[in-house]
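This report refers to the structure that appears directly beneath it.
Below, chains carry the letters A, B, ... as their sequence lines are ordered, and counting in each starts from 1. Computed from a predicted model, the values in this text were never measured in an experiment.
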Amino acid sequence: MDAKEMIKIDNLNKSFGDLHVLKNINMTVYDSDVVCLVGASGSGKSTLLRCLNFLEKKDSGKIIIGEREIIPGTHNLNKVRQKVGMVFQHFNLFPHKTVLENIIEAPTMVKKIPKDQAIAEAKVLLSKVGLEDKANVYPSKLSGGQKQRVAIARALAMEPDIMLFDEPTSALDPELVGEVLTTMKELAEEGMTMVVVTHEMGFAKEVADWIVYMNEGKIVELGKPEEFFNHPKEERTKEFLRTTMLK
Amino acid sequence: MDAKEMIKIDNLNKSFGDLHVLKNINMTVYDSDVVCLVGASGSGKSTLLRCLNFLEKKDSGKIIIGEREIIPGTHNLNKVRQKVGMVFQHFNLFPHKTVLENIIEAPTMVKKIPKDQAIAEAKVLLSKVGLEDKANVYPSKLSGGQKQRVAIARALAMEPDIMLFDEPTSALDPELVGEVLTTMKELAEEGMTMVVVTHEMGFAKEVADWIVYMNEGKIVELGKPEEFFNHPKEERTKEFLRTTMLK
Amino acid sequence: MPSLAHFLHILAETKGLFLNALLLTLKLTVVSILIGIVIGLFFALLKISKFKIAGFISDTYVYLVRGTPLIVQIFILYFGLSGIFLLPDFWAASLALALHNGAYIAEIFRGTIQSVDKGQMEAGRSLGMTKALTLRRIILPQAFRRALPPLGNQFIIGLKDSSLAAFISMNELFNVATTLGSNNFDEMTYLLIVAVYYLVLVALMTFVVSRIEKSLAVSDR
Amino acid sequence: MPSLAHFLHILAETKGLFLNALLLTLKLTVVSILIGIVIGLFFALLKISKFKIAGFISDTYVYLVRGTPLIVQIFILYFGLSGIFLLPDFWAASLALALHNGAYIAEIFRGTIQSVDKGQMEAGRSLGMTKALTLRRIILPQAFRRALPPLGNQFIIGLKDSSLAAFISMNELFNVATTLGSNNFDEMTYLLIVAVYYLVLVALMTFVVSRIEKSLAVSDR
Amino acid sequence: AEKDKLTDGTELIHKNQFIFAASGEFKPFSYMNDDLTMTGFDVEVGEAIAKELGLKPIQKRMKFKGIVEGIKTGRADAAVASHTINPQRSKHVSFTTPYYYSGPQIFTRPDSNIKTVKDLAGKEVAVAKGSTYSDTAAKFTDNIKTYDSDITALKALSTGRHDAVITDFVTGKSAAKEGFKIKGQQLIERSEQAVVIPQDNPQLLKRVNEALEQLRKDGTLSRISKKYFGEDITKKPE
Ligand SMILES: Nc1ncnc2c1ncn2[C@@H]1O[C@H](COP(=O)(O)OP(=O)(O)OP(=O)(O)O)[C@@H](O)[C@H]1O
Ligand SMILES: Nc1ncnc2c1ncn2[C@@H]1O[C@H](COP(=O)(O)OP(=O)(O)OP(=O)(O)O)[C@@H](O)[C@H]1O
Ligand SMILES: [Mg+2]
Ligand SMILES: [Mg+2]
């Protein structure tokens with residue numbers, strides 16, 4: 001664990017009104033690590049992920065991305081977000097743009113990369129996710145799995161240092177889950193730093209460097225996959241694994 | 001089988017557009033008989049029932065209610081319908097009227113029975129279905145089972161000779177099915193002639209005099225319950241019973 | 001633009017005149033909406049009747065009203081009707097507005113009647129009630145309830161539309177404002193005053209409509 | 001009522017005149033809807049902005065327009081604006097109609113903007129796009145598409161409403177009809193003729209709108 | 001709003017044009033040609049004045065009741081629109097010397113009992129909005145209905161509405177000629193009609209007065225009057 005710290009979360013708290021959703025979260029993610037966030041529905045996984053991208057505003061605590069603490073208002077969040085890609089459960093592709101246009105939108109508009117170059121890079125990404133033939137198709141013509149792979153390519157187009165995934169496969173028909181997980185696995189193998197909220201325990205077991213189990217807004221247990229799945233320490237983790245593995 | 005013929009169906013046919021829904025139906029229902037119509041979804045059970053009440057117009061064939069053939073246009077269907085009560089899957093209570101008003105509506109407006117008398121009779125019917133305390137409540141305040149019992153009372157208020165039921169319990173929560181079936185059983189024991197479309201095989205077994213099994217618009221088998229359930233003759237009946245009894 | 005002091009001065013000075021005009025505006029609106037409801041119900045029933053020709057008549061009426069500006073309708077009815085039979089001015093204006101409102105109300109009723117569950121008609125018929133009786137006793141009461149919020153809205157529209165009766169010599173709010181304005185060579189002040197009267201009326205009506213909507217939502221059975 | 005022969009005779013005789021008037025009606029409508037779209041978009045953006053005061057300004061504008069009759073608005077703007085700066089008549093009329101249409105169009109845009117899935121904004125932000133950029137490139141194009149059918153509808157309403165520009169000396173359809181009618185002492189014939197022109201215009205527009213709706217439904221992505 | 005200022009102090013909306021307003025709904029004083037230009041007595045007088053001033057005549061059609069406001073707010077240079085001189089108007093605009101003399105008359109349906117102003121008490125009288133006739137009518141009855149044009153008011157009378165209309169006797173006469181079912185009764189009073197000029201433009205007033213004087217002298221006004229009325233209404237009656 002001598003690698004660079006990519007994300008450091010320090011005593012993070014977040015409430016929605018009276019609902020205390022994240023309670024004193026501490027966590028560090030190192031370069032090239034794949035962290036899988038697991039836990040019951042409502043335990044705060046999405047909120048934690050969204051805080052890392054500043055889509056939610058934290059109440060207290062520190063979030064350090066790369067080298068420095070990010071303070072909204074002081075730092076340009078748009079710059080930070082360019083370094084942190086995000087993939088959503090419901091893809092959120094831009095329906096009025098083709099696959100190619102979806103991918104080049106941010107590079108050309110935000111990074112001001114020339115259109116030709118952006119298209120060339122987009123095509124490389126598309127072939128990486130196995131969709132080079134879909135460049136000029138509108139999202140509505142794609143299957144869920146294809147949509148999600150486009151969403152991954154779109155996020156990668158900004159050349160992020162970190163990728164966040166929020167249940168990337170849970171809106172997919174079961175037979176389409178595999179293709180997305182394969183893409184993610186390849187990404188992990190290339191050394192991308194990833195934080196993945198998922199219910200796919202198989203994927204977590206195989207790909208994750210660390211598993212983080214959350215419950216009611218707290219990190220209950222954190223461990224290497226073998227440890228976590230085979231010798232969970234906490235009672236609640238055991239309970240969670242029992243019910244989850246059944247499905 | 002010396003009893004009076006209450007319903008006689010002779011070579012009944014009915015299509016919706018290209019869809020031939022009832023194919024040469026022949027059937028006789030005698031006084032005080034309880035006939036249960038069973039069969040897969042789409043087999044034409046509801047359509048047959050609705051034809052008996054002239055809510056659907058037959059294409060060809062005869063329908064004899066009581067003593068004579070009913071020919072729409074020649075006979076006053078409103079008079080006929082007064083003798084044939086109907087209970088619907090979704091109750092179809094009048095939401096802007098109280099339970100009592102629901103029941104006295106047709107007697108006072110159609111039969112011109114004085115309101116006092118109609119109310120008195122309605123109260124008798126309400127106590128019969130066990131809802132005397134709900135007289136002045138609006139339907140929205142009732143449970144599904146209570147609604148259906150009010151619907152039965154409403155139909156009975158017209159003093160019909162025959163009662164038709166179209167899946168009277170299938171819109172109900174399981175724990176409410178019993179109270180409706182009990183009411184229906186009591187009705188049967190009093191000698192009401194009833195035709196019941198149902199998926200409740202327990203009820204059919206216990207209460208029906210005859211079971212009619214329909215498939216693809218045809219009557220495939222007709223028999224006494226013991227026979228029907230224990231020694232079905234037709235291959236399709238056996239198959240139907242196998243899948244239905246599983247549930 | 002008039003000064004605020006001048007505006008308030010004239011506002012106070014003319015309140016008697018405008019109150020009379022306001023009453024006429026309200027009378028025109030209420031009467032034309034009430035007649036419009038009768039007309040609208042009639043054409044809605046034509047539309048849902050099983051006779052094709054009745055549906056066609058209803059469609060034509062709605063199309064003619066929706067296809068032409070209200071001011072054209074008002075002039076045609078005001079001068080056209082007098083060739084046939086001479087209604088008093090107030091009734092001629094009310095009828096013109098009512099025929100306009102009626103088309104929109106017909107669409108409201110058609111919508112709410114068709115929104116009543118089909119099972120209601122079947123339940124009525126299965127009890128031996130005639131189609132007409134079921135319509136009257138079962139379907140229409142439910143359709144009316146649902147029509148209340150859109151009718152309230154139509155009332156607000158009708159209130160504003162009644163300003164066009166000014167052009168057929170009704171001394172309602174707008175006419176009084178422009179007449180006083182041109183007599184006193186001070187159009188702006190009077191126009192602003194009448195705008196305030198309309199704003200207050202519309203605000204009151206909007207409040208009433210939202211109350212009706214809420215109380216319907218609560219008591220929805 | 002004029003005889004059919006007379007009606008047809010005058011219809012044929014005046015077609016040149018009415019065609020000119022019709023062009024003005026269309027110009028008024030198109031210009032006022034186009035300006036109305038700009039105004040509407042502006043106030044819709046105010047409304048959805050995070051500044052309370054902006055939302056309040058937008059609400060006030062919509063409330064003022066919806067709370068008063070169009071004819072009052074037209075008079076106030078026509079006479080009121082000339083106190084400040086003197087627009088040519090056509091532009092004064094167009095602006096008055098545009099400010100009216102703008103309030104309704106603002107409501108259309110507000111609705112369609114809010115109907116775009118929230119995930120679209122989040123996706124844009126997560127890619128490092130600013131809120132303004134995401135709005136312009138991602139949200140608004142989708143909101144515009146959805147706004148097309150209601151905008152078409154507003155165009156039809158605006159077409160009919162433009163008849164009130166007659167009262168501020170625009171020689172559009174209705175004004176020409178009443179003027180010719182009163183010059184020839186034959187109001188009814190000319191009113192019926194102008195009604196036909198409006199009916200045809202509205203029928204054409206209704207057809208166009210329904211085509212747009214269909215093509216959107218088909219290509220809906 | 002800024003106007004062009006000529007060297008002699010005359011202000012015009014456009015320095016080469018004389019933009020004059022009329023209603024176009026007051027036949028035969030002003031009405032529409034089939035090409036939507038206006039014609040009529042007022043309009044020809046306006047054009048003659050422009051010619052006399054050496055300016056290009058530009059017609060401007062406005063609803064009658066908006067004309068004074070239009071002159072005040074600078075939407076036209078002048079109005080040649082049959083405005084009767086009266087004190088209220090004089091507070092807001094300037095009047096030239098009269099260019100014709102006329103008077104309001106009572107018009108009724110042919111079978112009416114109303115003959116003189118005395119019969120008007122309590123009767124419903126229709127007038128054009130913004131005209132002096134509503135003041136005239138107000139002296140005799142308090143039941144007044146207003147329309148946007150005199151001819152619409154006469155039309156309403158003719159179709160059986162209202163009890164009487166008060167309007168210019170020439171206008172009523174021509175409507176009766178066109179088949180309106182109306183009849184002229186008492187001529188109520190004499191009135192003088194003049195061109196309307198903004199108050200802040202005294203030089204224009206002066207020049208229009210000079211032009212009118214010239215048109216009177218050279219017989220142009222009389223000629224136009226004879227053309228439309230068959231008589232000369234531009235001379236002050238004795
Ligand atoms: N914008 C919001 N406003 C109010 N409450 C919210 C909001 N977003 C989330 N919550 C609440 O915060 C809690 C945590 O939500 P979160 O979405 O982070 O859970 P999760 O672990 O991602 O669950 P799931 O597996 O269902 O996605 C839940 O109770 C949720 O209802
Ligand atoms: N009004 C109608 N118009 C067209 N088709 C209809 C209509 N009513 C029923 N059908 C069709 O007729 C067939 C028989 O329908 P019916 O409702 O009688 O079946 P069922 O045996 O009652 O089925 P279920 O158990 O689902 O109620 C079905 O294919 C149905 O789709
Ligand atoms: Mg989540
Ligand atoms: Mg059925």
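- Using a 4.5 Å cut-off between non-hydrogen atoms, the part of residues 110-123 of chain A that approaches chain D consists of A:V110.
- Annotation: D:F90, atom CZ; neighbour count of heavy atoms from other residues, nucleotides and ligands within 6.0 Å is above 12.
- Listed by chain and number, the residues in a side chain to side chain donor-acceptor pair (under 3.5 Å) with A:T193 are A:D31 (sequence neighbours excluded).
- Heavy atoms of A:F88 lying under 4.5 Å from chain D belong exclusively to its side chain.
- The contact between A:R50 and chain D is made entirely by side chain atoms (from C-beta outward), counting heavy-atom distances below 4.5 Å.
- The shortest non-hydrogen separation linking A:F94 to D:A123 is CE2-CB, 4.0 Å.
- If you measure heavy-atom distances from A:V87 to chain D, you find no contacts under 4.5 Å at all.
- If you measure heavy-atom distances from A:L93 to chain D, the contacts under 4.5 Å come from the backbone alone.
- Residue with the most contacts toward chain D among A:L164, A:V80, A:N92, A:L77: A:N92 (heavy-atom pairs, distance under 4.5 Å).
- A:Q82 places no side-chain N or O within 3.5 Å of a backbone atom of D:S126 that could act as its donor or acceptor partner.
- To the nearest 0.5 Å, atoms CD1 (D:I138) and CD (A:E105) are separated by 4.5 Å.
- Between A:P95 and D:Q120, some side-chain heavy-atom pair lies under the 4.5 Å cut-off.
- The contact between D:L127 and chain A is made by backbone and side chain atoms together, counting heavy-atom distances below 4.5 Å.
- Taking chain A as the reference chain and counting heavy-atom pairs below 4.5 Å, the highest number among D:K131, D:R125, D:M129, D:R137 is found for D:R137.
- Using a 4.5 Å cut-off between heavy atoms, A:M109 touches chain D through backbone and side chain atoms alike.
- Ranked by heavy-atom pairs under 4.5 Å with chain D, the first of A:K79, A:R154, A:M158 is A:R154.
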